[in-house]
There are 2 protein chains.
Amino acid sequence: MPDGAEGPGAVTLHDVAREAGVSVATASRALNGSARNVRTENASRVRAAAAKLNYRPHLSAQAIARGQTRTAALVVGDVADPYFSAIAAGVTEAAEAAGLIVTMAVAGRSPERELEIIRTLRGQRPRLIAVAGSRIDGAATRAALSGELEAYRSAGGRVVMISQRDLPFDTVTIDNAGGAYQLARALAAAGYRRFALFRAPVTVRTSRDRCAGFLAGLRELGLAVEDRFVVETEFTRAGGYEAARRLAERGLDGVEVVFAVTDVMAIGAMSAFRDAGLVPGRDIGVAGFDDIDSAVDVTPALTTVAVPLREVGLTAMRVALSDDPGPVSVQTSTTVLLRESTPLRPRTR
Amino acid sequence: MPDGAEGPGAVTLHDVAREAGVSVATASRALNGSARNVRTENASRVRAAAAKLNYRPHLSAQAIARGQTRTAALVVGDVADPYFSAIAAGVTEAAEAAGLIVTMAVAGRSPERELEIIRTLRGQRPRLIAVAGSRIDGAATRAALSGELEAYRSAGGRVVMISQRDLPFDTVTIDNAGGAYQLARALAAAGYRRFALFRAPVTVRTSRDRCAGFLAGLRELGLAVEDRFVVETEFTRAGGYEAARRLAERGLDGVEVVFAVTDVMAIGAMSAFRDAGLVPGRDIGVAGFDDIDSAVDVTPALTTVAVPLREVGLTAMRVALSDDPGPVSVQTSTTVLLRESTPLRPRTR
DNA sequence: TTGAAAGCGGTACCAG
DNA sequence: CTGGTACCGCTTTCAA
């Protein structure tokens, strides 16, 4: 009985039923259905047969028969980025607690790819789709994305956006503006007056919100950032490094502290300053945003705004699994953490 | 026509066929099958209908009809750990390039959980299962795990183990012993003679291999690590911190350099030394293993053994997708990187 | 080239 | 409590 190179194929419920000497209906009931209605003896025969044959129900077949799957889909920008991986940890934790399998896709910070991914994911018919995406305004793809998600939702799916408030779906946001606002005040209170700002292109929402909050905080205190000290760069460690390198090269010219819109960028910046012969925390203050794990491991420890990323993931799942109808929006709060990278800076007035 | 709160449900191929005025068979062929055999006009009518209705094929239904899925399953110990997330990045990249959807599960370093996960995953009938698992010897669960994977394979699935050589499946290993061996020699060449070793419980293979390699490297040079300087601790940052704290507390007593079996532990150790008033790189050398991103961002930059983690993930997928039959074993090589945490240590002889 | 129909692996209703 | 059977959404013969 040649089976081809693929082997005998997987054991099916029919095999189990035959082995146990019952009908597939009974086998199905014993293994999954409301086990109540099957005679104890038969039930154990079926379980024994299943164990003997090492049977696992075909989830796709169950999905099709039951009309719903037990999977949760997650879209992230980049798994290797600690920002996303912390969120992913929260999402998977909650999903597994709810008995859902997680399928994860990486959008690589491109809106087009994100759209394509969501199209594919929709075919999975997951219970929910959580998008912790590229957070980029792409006017063209935005509408398509929204349409795709809308179609998914109207077919009974749940959508939750993480850190993207501007689409009409459930949302878990991070208080980017508020956190940056508080950071600005804290830095000012610590004695800083002359600031530089390292940010991503304006199309990146997160960056924009953090900048806006920071500037608003300063403005309220009668402070500002000179245009020439606002550096646009990539949203990565390399981007932060490059921005700091450029700044150091042309001279700090009085700048006392740099706010980089993410920790990853801030850490890159610290490295560049050091390479340029400047000591972060002494010659130049550095602050970031996110409080990723390594923020406490760099020297000096990085001042930042803590975002409860894992909890954001958990919350997103909770929202998506609740049966609350209307688009809910949950904002998670942030906390300013002043550390050694921005020591007190006593000023004579 | 009440549809319930769930909405109208997803559009099916029947809907598309009706809309296009053709049979489902034709619609199926136009959308997926070998498009050759369908009249151009019909094909475009079908595509138009599909677009109009925003149709996405039900992947589960396709899977069941075709007898195979287009998913790849990945098991990791902890997404938030940079070691695993770097591997995951490689795996997802390769999977998406091959048109596969990735489902990811987190085993949380527990062999029992890992086993349970693989059981569930098997129900998904993925094309392959990649396990970058807890790397723990659990005698009891080991057999069960192996049996589960064996059943999966004999049903036509592909299994690839990452960094676990001891099961009879395709394997991508990291040269843990060799890397640690080279590190030992490099440290000795840099002038170090008195070593401490921070390691995980012996049940953790990776830790064991790295220790063995390190000790072998020393032995060849007539060196050794005193038992009292071998500290067993947790396989985490906190574990490294704790080990270093204990060591600093009872006095370095001549120890010149610590080898912690992972960067994450090494970074925790650095932090503890610093808290104890010791300057890493000056008062005590520190070396790790993995070369995670933050290894270059800590101060002093961490001496370590670089492991091409992303590439390990890519390789694992390549192996799993190849049609090579027998259990293949690919070993990825490692590179010693001496950085400022272990400066040259001139000795008078 | 096309449509009817037989599955794929389960679930669940409906009679016994 | 149990078995027969009609689906679930899609693919793929088989005839027409």
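Chain naming here is simple, since letters A, B, ... match the order of the sequence lines and numbering starts at 1 in each.
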(request) For residues 93-106 of chain B, pull every pair meeting salt bridge (charged side-chain N to carboxylate O under 4.0 Å, His left out), keeping only residues two or more places apart or in separate chains. (result) A/R113-B/E96, B/E93-B/R310
(request) May I have all residue pairs that pass salt bridge (charged side-chain N to carboxylate O under 4.0 Å, His left out) and include part of residues 314-327 of chain A, sequence neighbours excluded? (result) none
For nucleotides 13-16 of chain D, list the nitrogen or oxygen atoms of the protein found under 3.5 Å from its nitrogen or oxygen atoms, one pair per line.
none

Sequence-distant partners of [X], side chain to side chain contact (heavy atoms under 4.5 Å, CB included), two or more places apart:
X      : value
B/E19  : B/A49, B/K52, B/L53
A/Q68  : A/R127
A/A98  : A/L100, A/L321
A/A130 : A/L74, A/L128, A/V160

(message) With a 4.5 Å cut-off on side-chain heavy atoms, are B/N32 and B/Q62 touching?
(response) yes
(request) With the side chain counted from C-beta on, respond yes when A/V79 and B/T92 share a heavy-atom pair under 4.5 Å apart, and no when they do not. (result) yes
(request) Taking atom types as modelled, find out whether B/T173 and B/Q331 have a side-chain donor-acceptor pair closer than 3.5 angstrom. (result)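 Short answer, yes.
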Protein and nucleotides 7-10 of chain D: nitrogen or oxygen contacts under 3.5 angstrom:
from, atom 1, to, atom 2, distance (Å)
D/dC8, O2, A/I64, O, 3.4
D/dC8, O2, A/A65, N, 3.3
D/dC10, OP1, B/Y55, OH, 2.7
D/dC10, OP1, B/H58, N, 3.2
D/dC10, OP2, B/L13, N, 2.4

(message) So if I take the C1' atoms of five pairs at each end of the helix from C/dT1-D/dA16 to C/dG16-D/dC1 and get each local axis, what angle do the two axes make, rounded to 10 degrees?
(response)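 Angle reported: 40°, given to the nearest ten degrees.
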(message) With heavy atoms of chain A within less than 4.0 Å as the criterion, where does contact along DNA chain C begin and end?
(response) C/dG9 to C/dC13
(request) Assign each of A/V24 and A/N42 to its nearest nucleotide of DNA chain D by heavy atoms, then name whichever residue's nucleotide is nearer the 5' end. (result)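 So the residue in question is A/N42.
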(request) Just jot down the side chain to side chain donor-acceptor pair (under 3.5 Å) partners of A/R158, sequence neighbours excluded, or say none. (result)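 A/R158 satisfies side chain to side chain donor-acceptor pair (under 3.5 Å) with A/D170 only.
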(message) So, using side chain to side chain donor-acceptor pair (under 3.5 Å) as the criterion, who are the partners of A/Q124 when residues are at least two apart?
(response)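 Counting only residues at least two positions away or on another chain, A/Q124 forms no side chain to side chain donor-acceptor pair (under 3.5 Å).
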(message) If I take atom CG from residue B/D78 and atom OG from residue B/S85, how far apart are they, to the nearest 0.5 angstrom?
(response)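 OG of B/S85 is found 8.5 Å from CG of B/D78.
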